[in-house]
Protein chains: 2
Amino acid sequence: MPHEVEQRSLARYLEEHNLKHTRQREAILEVFLSARGHITSEDLYQQVRARHPHIGYTTVYRTMKLLCEAGLAHESNFDGTTRYEIAHEHHDHLVCVRCGKIVEFECDLIEDAQERIAKQYGFRILRHRHELYGHCPECQKRVRTRG
Amino acid sequence: MPHEVEQRSLARYLEEHNLKHTRQREAILEVFLSARGHITSEDLYQQVRARHPHIGYTTVYRTMKLLCEAGLAHESNFDGTTRYEIAHEHHDHLVCVRCGKIVEFECDLIEDAQERIAKQYGFRILRHRHELYGHCPECQKRVRTRG
DNA sequence: GGGCAAAATGAATCTGATTTTCAGTTTCAA
DNA sequence: TTGAAACTGAAAATCAGATTCATTTTGCCC
């Protein structure tokens, strides 16, 4: 089984919450983990369908919610449609508005500054989103040569 | 005319782009500028309708897009529905996930850090979004006393 | 190795925000 | 004044996301 650790992690979550372990959930997790980058539930559905034609969109959709709750996936939303990425260390995103490329970054300095700001306003922060939109190096070149 | 500067700014934008100056656009800008905070196009439509029953939702919707292009309004999206705010100095947002309160903040330190990160990855930044989600002071109290 | 309740599935439907269509109206430059 | 271009607004289309519900599976009991 290619992603044993995650499969076990899902199994534990299901057990702890009296949810059922189904072929569909296992299959969807498997395909999700094999997919690269920030994927929409629609795209993921297409990939799942290629290997498991019997699995419906609704199940993919609901399973991704489940994987988020289980801490195996993260939801993000750049352009109005929800995307999922494999959960790992916290990070933020650089998004190229021309080609759609998404690069992850981390910055402790910013994290600290956020804490200070939250304290200043008396907020208790649960999560945040921080996205920088612009042109990636390749697209800058392309823009220049084209005009 | 209550918001002469903005009305003139809109007029200039329309002229420069060969667009037409209509009562509707003037009226919508006026109501928008008088409204407080981060308003949805639906809310704005309700307010516009109170004073100008003949103006339709579509026109409000389209005019807000226009005002954004003209630099008089800014679009933001916290909870899946688009909100508009009056354009002014750049700032980011603290959002209370319980009561929906939105507080604006600015932080030069973070702006600088963003620049550094962009340079590191070769990106040219056009805009960004930075939102901190959590509980405002009032809601923290309420949560504590209730359980 | 049934029997069964709870949970899951998936096709279809609903929702709610946004966007487009299109016929009729208004603006504005000549 | 006139006509082309732009605008308006009711209605319809779109689109992602969420829900419904009849049917099937799973996990657990005996």
Side-chain angles (χ1 to χ4, degrees), chain A residues 7 10-32 38-70 73-84 100, chain B residues 7 10-32 38-70 73-84 100:
Chain A
Q7 289 289 1
L10 172 61
R12 187 170 60 239
Y13 180 85
L14 293 174
E15 230 171 289
E16 282 170 359
H17 296 262
N18 290 314
L19 301 173
K20 304 200 163 159
H21 191 269
T22 64
R23 312 150 181 294
Q24 287 93 332
R25 285 173 175 171
E26 196 170 315
I28 293 166
L29 173 56
E30 201 53 47
V31 174
F32 169 61
H38 301 72
I39 196 172
T40 64
S41 47
E42 179 58 35
D43 288 345
L44 184 59
Y45 168 57
Q46 295 304 336
Q47 292 191 28
V48 167
R49 204 159 67 128
R51 283 213 263 158
H52 309 275
H54 56 96
I55 296 182
Y57 174 77
T58 313
T59 301
V60 173
Y61 167 79
R62 277 190 288 221
T63 300
M64 288 319 297
K65 295 266 165 204
L66 178 71
L67 294 184
C68 286
E69 281 160 31
H74 278 156
E75 219 180 274
S76 58
N77 189 307
F78 300 115
D79 50 1
T81 67
T82 303
R83 287 169 186 279
Y84 297 96
Chain B
Q7 290 289 2
L10 171 63
R12 187 171 57 241
Y13 180 86
L14 293 173
E15 227 170 292
E16 282 169 0
H17 292 76
N18 291 314
L19 302 173
K20 303 203 162 157
H21 191 269
T22 65
R23 311 148 183 297
Q24 287 94 330
R25 286 173 175 172
E26 196 169 317
I28 292 167
L29 173 57
E30 200 53 48
V31 174
F32 169 61
H38 301 70
I39 197 171
T40 64
S41 48
E42 178 58 35
D43 287 346
L44 184 59
Y45 168 58
Q46 294 304 336
Q47 292 190 28
V48 167
R49 203 159 69 128
R51 283 212 262 157
H52 310 276
H54 56 97
I55 297 183
Y57 174 78
T58 314
T59 302
V60 173
Y61 166 79
R62 279 189 287 222
T63 300
M64 288 318 298
K65 295 266 164 205
L66 178 72
L67 294 184
C68 286
E69 281 161 31
H74 277 155
E75 221 180 273
S76 59
N77 188 309
F78 300 115
D79 51 1
T81 67
T82 304
R83 288 169 184 280
Y84 297 95

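Below, read A as the first sequence line, B as the second, and so on, with proteins coming before strands; counting in each chain starts at 1.
Taking atom CZ of A:Arg49 as the reference point, atom P of C:dT9 lies 18 Å away to the nearest angstrom. Nucleotide C:dA8 holds its C1' atom 15 Å from the CD atom of A:Glu26, rounded to whole Å. Between the C1' atom of C:dA29 and the CD atom of B:Glu15 lies a distance of 12 Å, rounded to the nearest Å. At whole-Å resolution of the value, CG in B:Leu66 and P in C:dT18 are 17 Å apart. Between the CD atom of A:Glu75 and the C1' atom of D:dG17 there is a distance of 10 Å, given to the nearest Å. Regarding A:Asn77, its CG atom lies at a distance of 12 Å from the P atom of C:dT18, rounded to whole Å. Look at NZ on B:Lys65: it is 14 Å from P on C:dA17, rounded to the nearest Å.
Contact annotation: the side chain of A:Gln46 never approaches that of A:Tyr57 to less than 4.5 Å [non-hydrogen atoms, C-beta and beyond].
B:Thr40 comes within 4.0 angstrom of nothing in the nucleic acid, heavy atoms only.
B:His17 places a side-chain N or O within 3.5 Å of a backbone atom of B:Tyr13 that can act as its donor or acceptor partner. Side-chain N or O atoms of A:Glu26 include none that pairs as donor or acceptor with a backbone N or O of A:His21 at under 3.5 Å. Between the side chain of A:Gln47 and the main chain of A:Phe32, no donor-acceptor pair closer than 3.5 Å is present. Judged by distance alone, with hydrogens and angles left aside, the side-chain atoms of B:Arg25 form a donor-acceptor pair with the main-chain N or O of B:Lys20 at under 3.5 Å.
Side-chain nitrogen and oxygen atoms of B:Thr82 include at least one within less than 4.0 Å of the OP1 or OP2 phosphate oxygen of C:dT18.
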Quiz item: How does protein contact run along nucleotides 1-13 of chain D, one letter per nucleotide 5' to 3', with B for base contact, S for sugar-phosphate only, - for none, heavy atoms under 4.0 Å?
Solution: ----BSSBBBB--
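Counted within 6.0 Å of CD on B:Glu15, heavy atoms from surrounding residues, nucleotides or ligands total 12 or fewer; the atom is thus considered open.
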